[in-house]
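All ligand and atom numbering here is 1-based and tracks the order in the structure. Values in this document were obtained by computation on a predicted structure and should not be read as measured data.
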Amino acid sequence: MMEKLSNFINGAYTPPETGLYLDNYQPATGEVYSQVPDSSPADVERAYSAAEQAFPGWSTLAAEEKFKILNRIAEGIDTRREELAQAESRDQGKPVWLARTEINRAGQNFRFFATAALQFASESHSMEDRAINYTLRQPIGVVGCISPWNLPLYLFTWKIAPALAAGNCVVAKPSEFTPYTAALLGQICNDAGLPAGVLNIVHGLGGSAGQAIISHPGIKAISFTGGTATGRHIASVAAPMFKKMSLELGGKNPNIIFADADLEKAISTTVRSSFQNQGEICLCGSRVFIERPVYEKVKNALVEEVKKLKTGNPQLDESRVGAIVSRQHYEKVLSYIQLAKDEGGTILCGGEALHPPGFENGWFIAPTIIEGLDAACRTNQEEIFGPVITLIPFDSEESVLTMANSTAYGLATTLWTGNLSRAHRLAGKLQTGIVWVNCWLLRDLRTPFGGTKQSGVGREGGWEAMRFFTEPKNVCIAY
Ligand code: NAD
């Protein structure tokens with residue numbers, strides 16, 4: 001019998017009210033291996049009622065008690081790390097070794113925000129001898145958290161942990177493509193003693209379960225990570241209802257390599273920042289700008305290194321690239337490779353689907369490097385979100401800045417240079433929410449995380465997340 005996942009509502013695993021399920025595929029084999037609830041608005045309503053009832057208790061629980069429970073969830077994730085990593089890899093297609101690092105981060109998310117529950121504070125404003133103002137930061141109530149398929153448990157917990165730490169109750173929906181680890185989280189929360197109803201997990205499609213969350217009048221804030229088109233739709237529904245919104249959306253990130261950089265480090269990191277998780281990370285650099293004097297050298301080294309990357313069986317440590325998450329995304333990525341060819345690009349390596357032995361029906365694409373395309377063409381403007389990068393030579397700081405800033409997106413830049421003044425100068429002018437200088441994906445969870453332009457609205461991380469998930473109230477006391 002095919003395994004059926006359940007919603008997690010009011011502390012109990014619950015089948016969807018309609019009894020309807022969606023097939024859940026294993027990307028490496030292309031086969032259905034479990035089923036996920038195709039939840040309806042009725043399931044979201046049940047989750048909402050449970051959250052609403054749990055709110056008075058959870059929001060007034062002493063910070064230290066919240067800390068202990070959230071910290072136990074972190075420990076539960078750590079304890080079940082291998083099981084969660086295996087589940088994540090099977091569900092998403094990523095190599096198991098990579099899934100292990102992401103599960104570590106899911107535990108860290110809970111540990112980090114457990115301590116935030118203890119340390120969060122607010123400001124006061126004194127008016128000399130007339131009055132004192134102080135700010136109360138109160139939990140919002142019931143909030144909605146919706147996450148994508150690329151870093152499933154990592155991004156799911158990145159939203160849920162601060163929402164709970166700030167005293168809210170949550171209705172959360174993971175991606176219908178990668179529901180499995182979210183389904184295991186319910187058990188971990190129960191084992192940690194999280195009171196019933198504080199966290200409710202509803203599975204299903206964006207258009208039904210997701211839509212019911214974003215349009216629910218009682219759900220006061222929406223934290224969403226996913227595609228820009230979905231984000232635009234969510235804003236159109238939630239903004240007229242005056243919900244608070246944090247939107248973390250798509251990217252088309254520049255990776256800029258100057259001739260004065262530590263090229264060895266730039267090249268080895270670029271291999272990772274381009275192809276880690278099959279290029280399905282919103283922070284992956286997809287447009288690699290290389291200063292003309294070192295263009296051939298960097299290009300040749302990149303192509304040589306990328307040809308060595310093994311693509312295949314996600315179970316093996318030697319597999320650096322796994323399977324693409326779904327058939328529809330696999331077809332989308334392949335269609336962009338075709339578009340790049342149509343636009344006149346030259347494929348330097350990859351450029352095709354792969355059928356590794358034993359995984360002939362899986363959705364694998366060879367890591368692909370393309371050159372010869374104008375920075376303004378569709379391939380260089382639209383998010384592909386797969387193992388595909390383009391190389392573009394540049395001649396000056398001004399010209400690369402113009403090209404880097406020329407897309408509708410503004411999530412993250414990686415900048416490689418040995419010139420400190422240039423690094424500071426460009427960091428100030430790049431239109432992205434994050435600039436990594438001589439590194440990539442080096443994360444301190446206290447820093448503001450998010451994008452500008454069509455990469456999103458709002459910031460996550462540290463106090464930014466705690467502020468998002470609380471409502472500030474000024475109290476003015478006259479002396
Ligand atoms: P998606 O927008 O298709 O789906 C994301 C989530 O939204 C899923 O859970 C989906 O079911 C839900 N959803 C879809 N329609 C909805 C609706 N009408 N109402 C409510 N929920 C709805 O995105 P995806 O394909 O899962 O993820 C890939 C995208 O996510 C890429 O664009 C990537 O750049 C982006 N992303 C951004 C960040 C970031 O931090 N900025 C991080 C990871 C991924």
Ranked by distance from atom 20 (C) of ligand 1, the top protein heavy atom is G210 C, 3.2 Å
Is a side-chain N or O of T230 found less than 3.5 angstrom from the main chain of G226, in a donor-acceptor match? no
Contact atoms of ligand 1, heavy-atom distance to P174 under 4.0 Å: 9 (O)
Centres of the Y13 and F8 rings: under 6.0 Å? yes
Note: T225, heavy atoms under 4.0 Å from ligand 1, region reported as both
Please list the nearest protein heavy atom to atom 28 (C) of ligand 1 with its residue and the distance rounded to 0.1 Å. F385 CE2, 3.6 Å
For the pair T115 (side chain) and F112 (backbone), establish whether a donor and an acceptor sit closer than 3.5 Å, ignoring hydrogens and angles. yes
Answer yes or no: does atom NZ of K310 have more than 12 heavy-atom neighbours from other residues, nucleotides or ligands under 6.0 Å? no
Using a plain distance cutoff, I'd like to know if F449 has any nitrogen or oxygen under 3.5 Å from a nitrogen or oxygen of ligand 1. no
Identify the closest protein heavy atom to atom 2 (O) of ligand 1: which residue and atom is it, and at what distance? T230 OG1, 2.6 Å
Going by the 4.0 angstrom heavy-atom rule, the piece of L283 near ligand 1 is neither
Suppose we measure from atom 36 (N) of ligand 1 to each protein heavy atom; which comes out shortest, and what is that distance? C282 CB, 3.6 Å
Return yes when G456 approaches ligand 1 closer than 4.0 angstrom through a heavy atom, no otherwise. no
If you count the atoms of ligand 1 from 1 in the order shown, which ones are under 4.0 Å from a heavy atom of L155? 42 (C), 43 (C)
Can you see whether F449 has R459 sitting over its ring - NZ or CZ less than 6.0 Å from the centre and within 45° of the normal? no
For R443, is the CZ atom crowded, meaning more than 12 foreign heavy atoms sit under 6.0 Å from it? yes
of all protein heavy atoms, closest to atom 22 (C) of ligand 1 is G206 CA, 3.4 Å
Could you tell me whether E176 approaches ligand 1 through its side chain, its backbone, both or neither, with non-hydrogen atoms closer than 4.0 Å? side chain
Taking the six-membered ring for Trp, are W363 and Y330 parallel (under 30°), tilted (30 to 60°) or perpendicular (over 60°)? tilted
Got the closest protein heavy atom to atom 43 (C) of ligand 1, with its distance? N150 ND2, 3.2 Å
Could an N or O of ligand 1 be found under 3.5 Å from any N or O of L249, whether backbone or side chain? yes
Residue and atom name of the nearest protein heavy atom (relative to atom 32 (O) of ligand 1), distance in Å to one decimal: E383 OE1, 2.6 Å
Heavy-atom distance to atom 29 (C) of ligand 1: which of G204, G226, P148 wins? G226
Give the residue and atom name of whichever protein heavy atom lies nearest to atom 7 (O) of ligand 1, and the separation in Å to one decimal. F224 CE1, 3.1 Å
S147, portion touching ligand 1 at heavy-atom distance under 4.0 Å: backbone
Salt-bridge test for E460 and K159: reply yes if a basic N is under 4.0 Å from a carboxylate O, no otherwise. yes
Let's go through W149 and H329 carefully: what are the C-alpha distance in whole Å and the side-chain angles of both, what is the deciding distance for ring-ring contact (aromatic ring centres under 6.0 Å, His included) to 0.1 Å, and is it a yes or a no? CA-CA 11 Å; W149 48 253; H329 192 56; 4.9 Å; yes
Atom 4 (O) of ligand 1 protein-contacted (non-hydrogen atom, under 4.0 angstrom): no
Between R137 and W463, is NZ or CZ placed under 6.0 angstrom from the six-membered ring centre and within 45° of the ring axis? no
In ligand 1, the atoms that come under 4.0 Å of a heavy atom of I146 are 6 (C), 7 (O), 9 (O), 12 (C), 20 (C), 21 (N)
